[in-house]
Amino acid sequence: MDAPELDSIEMELFVQALQKRHGHDFTQYAPASLKRRVHLLVDQLECKTITGLTERMLHEPAMLPRVLEGLTVPMSDMFRDPAMFLALREQVFPLLASYPQINIWQAGCAHGQEVYSLAILLEEAGLYERTQIFATDLSDRALQRASEGIYPAQEAQQWSRNYQAAGGRRSLADYCSAGYKLLKLNQRLRRNVTFAVHNLATDGVFCEAHLILCRNVLIYFSNTLQNRALSLFRDSLVRAGFLCLGVRENIDRSPIAQAFVPFSEPQRIYRLASHLDDIAE
């Protein structure tokens, strides 16, 4: 048996073991992306083979959080893709301002950089006091790191440039403190944030949201799982609610596409199509 065939068998057994032992279904994740992440885990955890990783996952309870974080957490930055955040500030927030209470769902929040970015923009727009952000992820470890809001200080200069490009009205330094080569976001930014575990592959509607952000997550899903997630977002949004995806993601080929209309297409911001004519622009 050649190495690629053996690798495929080991991958299949790993996915089956993860589902049967821990209930996490990765069968609909994009195969190439999943394989890259599994091999990275094998190297990081010094398991030598995927089978070795599977064995440790089955018999060592402490391994599951490490595995889930390695499989699900995408890289992110504060104000990543500043043009999208600028569009939120200038085009979306003025429309959300008409609501007495605003619910935002950040799906796949990873280590929380975009959650705090949202909180800063909402505070500067005068909307944060009546906003609740629900930040969800599959990984408990990712949520713990997001809750702490502590990041490498080496990111500060790039994040500051992103913030200014996103229309920032102050200095990013006003929202954080630095020390010991770390950057800690001010905890007042999380006063209206709820962090919670949610699995887009298996769980249902999480909340009634006016704005949903799920950026650079769907690219790791198969078409079937993408459609499931988009259906979930459709069912979670209030009428004429907003959906933000990553710049490399779109809904054009999805059967769910007809439920949305482009709002700022270059920035991958969409609006729920139903009842749009009932909303005063």
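Under the 4.5 Å side-chain heavy-atom criterion for Ile, Leu, Val, Met, Phe, Trp and Tyr, F195 and I150 are members of distinct hydrophobic clusters. L182 and L172 are members of different hydrophobic clusters when ILVMFWY side chains are connected at heavy-atom separations under 4.5 Å. M78 and V247 fall into different hydrophobic clusters, where Ile, Leu, Val, Met, Phe, Trp and Tyr are joined by side-chain heavy atoms under 4.5 Å apart, directly or via other members. I212 and I256 fall within the same hydrophobic cluster, where Ile, Leu, Val, Met, Phe, Trp and Tyr residues are linked whenever their side-chain heavy atoms come under 4.5 Å apart, directly or through other members. In terms of hydrophobic clustering, with Ile, Leu, Val, Met, Phe, Trp and Tyr side chains grouped at heavy-atom distances under 4.5 Å, L40 and L45 are assigned to different clusters.
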Candidate pair E69 and D140, rule side chain to side chain contact (heavy atoms under 4.5 Å, CB included), full reasoning
CA-CA 8 Å; E69 184 176 37; D140 280 309; over 6 Å; no
Take L88 and F93 through the test side chain to side chain contact (heavy atoms under 4.5 Å, CB included) and record every step on the way to the result.
CA-CA 6 Å; L88 286 182; F93 286 0; 4.1 Å; yes
What do the steps show when you test N250 against L245 for side chain to side chain contact (heavy atoms under 4.5 Å, CB included), and what is the final call?
CA-CA 7 Å; N250 63 67; L245 302 178; 5.7 Å; no
Please determine whether salt bridge (charged side-chain N to carboxylate O under 4.0 Å, His left out) holds for the pair R191 and E129, giving the CA-CA distance in whole Å, both sets of side-chain angles, and the decisive distance to 0.1 Å.
CA-CA 9 Å; R191 66 188 183 276; E129 289 305 324; 2.5 Å; yes
Between Y220 and L71, is a side chain to side chain contact (heavy atoms under 4.5 Å, CB included) present by the stated rule, with each step listed?
CA-CA 10 Å; Y220 300 110; L71 295 182; over 6 Å; no
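Taking all atoms of both residues into account, the shortest heavy-atom contact from E114 to D77 is CG-O, 4.0 Å. Of all heavy-atom pairs between C109 and V115, the closest is CB-CG2, 3.9 Å. Closest approach of P82 and A165 over heavy atoms only: CB-CB, 3.6 Å. Annotation for L143 and A135: closest pair CD2-O, 3.9 Å, computed over non-hydrogen atoms. Of all non-hydrogen atoms in S171 and Y163, the two that sit nearest each other are C-CE2, 3.8 Å. Taking every heavy atom of both residues into account, A166 and L121 meet most closely at O-CD2, 4.4 Å.
Looking at residues two or more places apart in sequence or on another chain, you find a salt bridge (charged side-chain N to carboxylate O under 4.0 Å, His left out) between R56 and E60. Checked against salt bridge (charged side-chain N to carboxylate O under 4.0 Å, His left out), E46 has no partners two or more places apart in sequence or in another chain. Judged as a salt bridge (charged side-chain N to carboxylate O under 4.0 Å, His left out), and not counting sequence neighbours, R248 has no contacts. With sequence neighbours left out, E148 forms a side-chain hydrogen bond (donor to acceptor under 3.5 Å, both in side chains) with Q144.
Classification of D81 and R268 as a salt-bridged pair fails, no side-chain N sitting under 4.0 Å from a carboxylate O. Taking a cutoff of 4.0 Å between a charged side-chain nitrogen and a carboxylate oxygen, R215 and E249 do not qualify as a salt bridge. In summary, E208 and R239 do not engage in a salt bridge, as defined by a charged side-chain N under 4.0 Å from a carboxylate O.
Of the residues listed (Y175, Y151, Y116, F79), the one engaging W159 in a ring pair (Phe, Tyr, Trp, His ring centres under 6.0 Å) is Y151, and it is the only one.
Using a 4.5 Å heavy-atom cutoff, the side chains of D203 and L232 are not in contact. The side-chain heavy atoms of L34 and M11, taken from C-beta on, include a pair separated by under 4.5 Å. Side-chain contact between F263 and F242 is present, with heavy atoms from C-beta onward closer than 4.5 Å.
Sorted by first and then second residue, the salt bridge (charged side-chain N to carboxylate O under 4.0 Å, His left out) pairs involving residues 216-236 (not counting sequence neighbours) form an empty list. Applying the side-chain hydrogen bond (donor to acceptor under 3.5 Å, both in side chains) rule to pairs touching residues 192-201 yields Q132-T194, N199-T202, sequence neighbours excluded.
Side-chain contact of D137 with H111: a donor-acceptor pair under 3.5 Å is absent, judged by distance alone. Between the side chains of S236 and W105, no donor N or O sits under 3.5 Å from an acceptor N or O.
Atom CE of M57 and atom SG of C47 lie 10.5 Å apart (nearest 0.5 Å). Interatomic distance, OG of S139 versus CG of L68, reported as 6.0 Å (0.5 Å rounding). Taken from CG in L6 to OG1 in T49, the straight-line distance is 8.5 Å, to the nearest 0.5 Å.
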